Amino acid sequence: MPETRNVLFIVIDQLRADCVTGALAEYVQLPNLRALMQGSVTFTNHVSVTNPCGPSRASILTGQYAMNHRSVRNGTPLRHDTPNIATEMRKAGYTPMLFGYTDTSQDPRVHDKDDPALKTYEHPMTGFHEVVEMRFATSFPWRAHLNNRGYSFEDYYDLFKPVSPTGGVPALNDPAVYAAEDSDTAFLTDAFLDHMRASSDQNWFAHLTYIRPHPPLVAPAPYNRMYDPATLPLPSRLGSPEEEIAQHPFFGPTLARATPADVVEGFPDLEPTDDNIQTLRAIYLGLATEVDHHIGRVIEFLKDSGQYDNTMIVVTADHGEMLGDRYAWGKMSIYDAAYRTPLIIRLPQLAGDAAGTSVDHPTESIDLTPTILDWVGQEIPNSMDGRSLMPFLLGKAPDDWRTYSFSELDFGNPEAPSIWQTTLGTSTSNSCLGILREDRFTLVEFASDLPPVLFDAHGDGEMKNVAADPNFAADLYRLTRQMLQHRMQYMDHTLSLDFITPEGARHAKRIPPSVG
């Protein structure tokens, strides 16, 4: 094992798993990620345990299900004392460097009411050293970079509108106003490389987070027209939006909430035609290729600086993107496209025969922080619900590994009722759902009095809700009971295994449930 142990933890915002391994993989060029996979372990059944951005990153970085950390929507505070990857890496002697963002809403109980930290949900998570501020809603260093390069814009969001090269009315897939070398992706990578050139003489931990291919869907040339929309497969969907809505009451407000016009700037009346949808999908894939190009620059730097063979590399996404599947956009959904994410992990020297292999066991986003802590030799706190993936990386799948994955989604809003609340009559407290996925069945249960959803992979899969079919009554009962057991077994363990005795405080180590 290497004496020096560096960790590069890359999160790509909103990258679907099937761009790397799946239905879209053959249509998008990701040469650097595919080369990385040759010496890594690729996890092909990996899911985010919650959505959207803030909650998903809270789960990734704390190792907790949303039901425990309860930062369940963008803008919902995360407790200030929740152990996370940054606080624990500091205990291991690392300075947790952040290049990008964690989308963390701060705990108002430990801040003055006028503290700027309480005016954005994009504040860095406790424990991180923010080296480069690259937040989506602000990104002041990138703005300054563009100004210094001679770009002019009146409004920040003008940067996300395509511009006609000839000065005419812009087309949907015209390029961004900035050149590829000045994009937010390029800027962040340049800043990372500039800083890391001076860090080769010490153990380091770097969290590098790319905004793209998160909407608004606009790309600099040549990525804006790298893919021909006509050559791409159409989204996976039923015959009409009305057929989708008829599947379950949840889908009506879901489709009404986000449309193709919501994922691009400057086209408020964009019609959901197949031509427009395919063009947006092509831009998305172009942005994914742009991120891949810059990840290649990062890997090349590690090799050229002699650090590749002592650096653990983790590449994943915070969540997926519907991208027109089921006539839906974004990630506020129950379908796999919104939750399945790529996961590639490379260990220097330790991978052995596991290098270049794939793992199809169910893995969850809460497993990443425990895995990194395990590799650097730092104790995994009892608060963390995830499990280390190190056995898989060493080619030894545990006998007691989970047989299903679990995700959650809160779709309410305590400040202004969400479209689901107003349409379905739910409250803030019961506007939430849980998703349990086995090899064959997927169960979706709601906290409110809404009927469940059940998909059968041996039948029509996600294309048909069979929850009301009496032939599946026994499966519905079993899975409902399994979801209840899961929630009971994974209740918060932060202090539940500590106890006070006449001799002082005692501490027991958390052991994962044998059934999950």
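In what follows, every heavy atom counts, from backbone to side chain, and hydrogens, waters and symmetry copies are set aside. For reference, positions follow the sequence shown, starting with 1. Keep in mind that what you see is a predicted model, and the values were worked out from it rather than measured.
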When every non-hydrogen atom of C19 is compared with those of V28, the smallest separation belongs to O-CG1, 3.4 Å

N-O pairing of D336 and R16 below 4.0 Å:
no

When F411, W420, Y335 are each screened for ring-ring contact (aromatic ring centres under 6.0 Å, His included) with F251, the one that passes is Y335

Before accepting this row, confirm whether a basic side-chain N of the pair D492/R70 lies closer than 4.0 Å to the acidic partner's carboxylate O.
no

Check this for me: does any side-chain nitrogen of one of R79 and D107 sit under 4.0 Å from a carboxylate oxygen of the other?
no

Begin from the C-alpha positions of E88 and M384 and carry the test side-chain contact (heavy atoms from CB on, under 4.5 Å) through to its verdict.
CA-CA 11 Å; E88 304 314 296; M384 296 189 177; 4.2 Å; yes

W329 to A258 - nearest heavy-atom pair and separation
O-CB, 3.6 Å

Hey, what do you get for CD1 (I60) to CD1 (I85), rounding to the nearest 0.5 Å?
10.0 Å

Distance alone, cut at 3.5 Å: any donor-acceptor contact between the side chains of N74 and D103?
no

Give a yes or no on whether the backbone of S139 and the side-chain of E133 come within a donor-acceptor separation of less than 3.5 Å.
yes

Residues N276 and T279: side-chain donor-acceptor under 3.5 angstrom:
no

Under 3.5 Å, is there a donor on one side chain and an acceptor on the other for R437 and S405?
yes

Residue pair P52 / K331: nearest heavy atoms and the distance that separates them
CB-CE, 3.6 Å

Around Y477, counting heavy atoms of other residues, nucleotides and ligands shown, do more than 12 lie under 6.0 Å from its OH?
no

CD-OG1 distance between Q64 and T494, expressed to the nearest 0.5 angstrom
5.5 Å

Should V72 and C432 count as side-chain neighbours, where that means a heavy-atom distance under 4.5 Å?
no

Using a distance-only test with no angle check, is there a side-chain donor-acceptor pair under 3.5 angstrom linking T426 and S431?
yes

Does the side-chain contact (heavy atoms from CB on, under 4.5 Å) test come out yes or no for I334 and F455, once each step is laid out?
CA-CA 11 Å; I334 66 169; F455 298 130; 4.1 Å; yes

Any donor-acceptor N/O pair, T316 side chain to P342 backbone, under 3.5 Å
yes

Could you go through the side-chain contact (heavy atoms from CB on, under 4.5 Å) check for I435 and L409 one step at a time?
CA-CA 8 Å; I435 307 171; L409 178 70; 5.8 Å; no

For Y101, does the six-membered ring have the charged nitrogen or CZ of R135 within the cation-pi criterion, i.e. under 6.0 angstrom from the centroid and within 45° of the normal?
no

Cationic N near anionic O, under 4.0 Å, R440 to D456
yes

Once you measure the plane-to-plane angle for F160 and Y156, does it fall in the parallel (<30°), tilted (30-60°) or perpendicular (>60°) bin?
perpendicular

Are any of the side-chain nitrogens in R257 or D262 under 4.0 Å away from the carboxylate oxygens of its partner?
no

Look at E244 together with R326 and state whether they make a salt bridge at an N to O cut-off of under 4.0 Å.
yes

Which of parallel (below 30°), tilted (30 to 60°) and perpendicular (above 60°) describes F250 and F446?
tilted

Ignoring hydrogens and angles, state whether a donor on the side chain of Q421 or S427 is under 3.5 Å from an acceptor on the partner side chain.
no

Do the rings of H486 and Y65 sit parallel, tilted or perpendicular, given the 30° and 60° boundaries?
perpendicular

Taken to the nearest 0.5 Å, the spacing of D13 CG from D318 CG works out to 4.0 Å

Rounded to the nearest 0.5 Å, what separates atom CD1 in I245 from atom CG in L238?
11.0 Å

Under-4.0 Å salt bridge between D367 and R387
no

Ring center gap for F99 and H207 short of 6.0 angstrom:
no

Side-chain donor-acceptor pair present, W375, S388, cut-off under 3.5 Å:
no

If you take all heavy atoms of A508 and N382, which pair is closest and at what distance?
O-ND2, 2.7 Å

Minimum heavy-atom separation for M125 to T104, with atom names?
CB-OG1, 3.4 Å

H69 and S59: side-chain donor and acceptor closer than 3.5 Å?
yes

Is the side chain of D325 donor-acceptor paired with the backbone N or O of R237 at a distance under 3.5 Å, no angle test?
no

Considering only NZ, NE, NH1 and NH2 on the basic side and carboxylate oxygens on the acidic side, decide whether R212 and D184 come within less than 4.0 Å.
yes

Between G100 and T209, which heavy-atom pair has the shortest distance, and what is it?
CA-OG1, 3.2 Å

Pairing of R281 and D275 as salt bridge, 4.0 angstrom limit
no

Can a salt bridge be assigned to the pair E364 and R402 using a cut-off of 4.0 Å between side-chain N and carboxylate O?
yes

Give a yes or no on whether the ring-centroid distance for Y339 and H319 is below 6.0 angstrom.
no

Out of V291, V314, L208, which one pairs with I10 under the side-chain contact (heavy atoms from CB on, under 4.5 Å) rule?
L208

For a quick check under 3.5 Å, do T363 and H46 share a side-chain donor-acceptor pair by atom type?
yes

Derivation and outcome, side-chain contact (heavy atoms from CB on, under 4.5 Å), residues F406 and V49:
CA-CA 6 Å; F406 178 72; V49 299; over 6 Å; no

Can you establish whether the number of heavy atoms outside D439 located under 6.0 Å from its atom CG is more than 12?
no

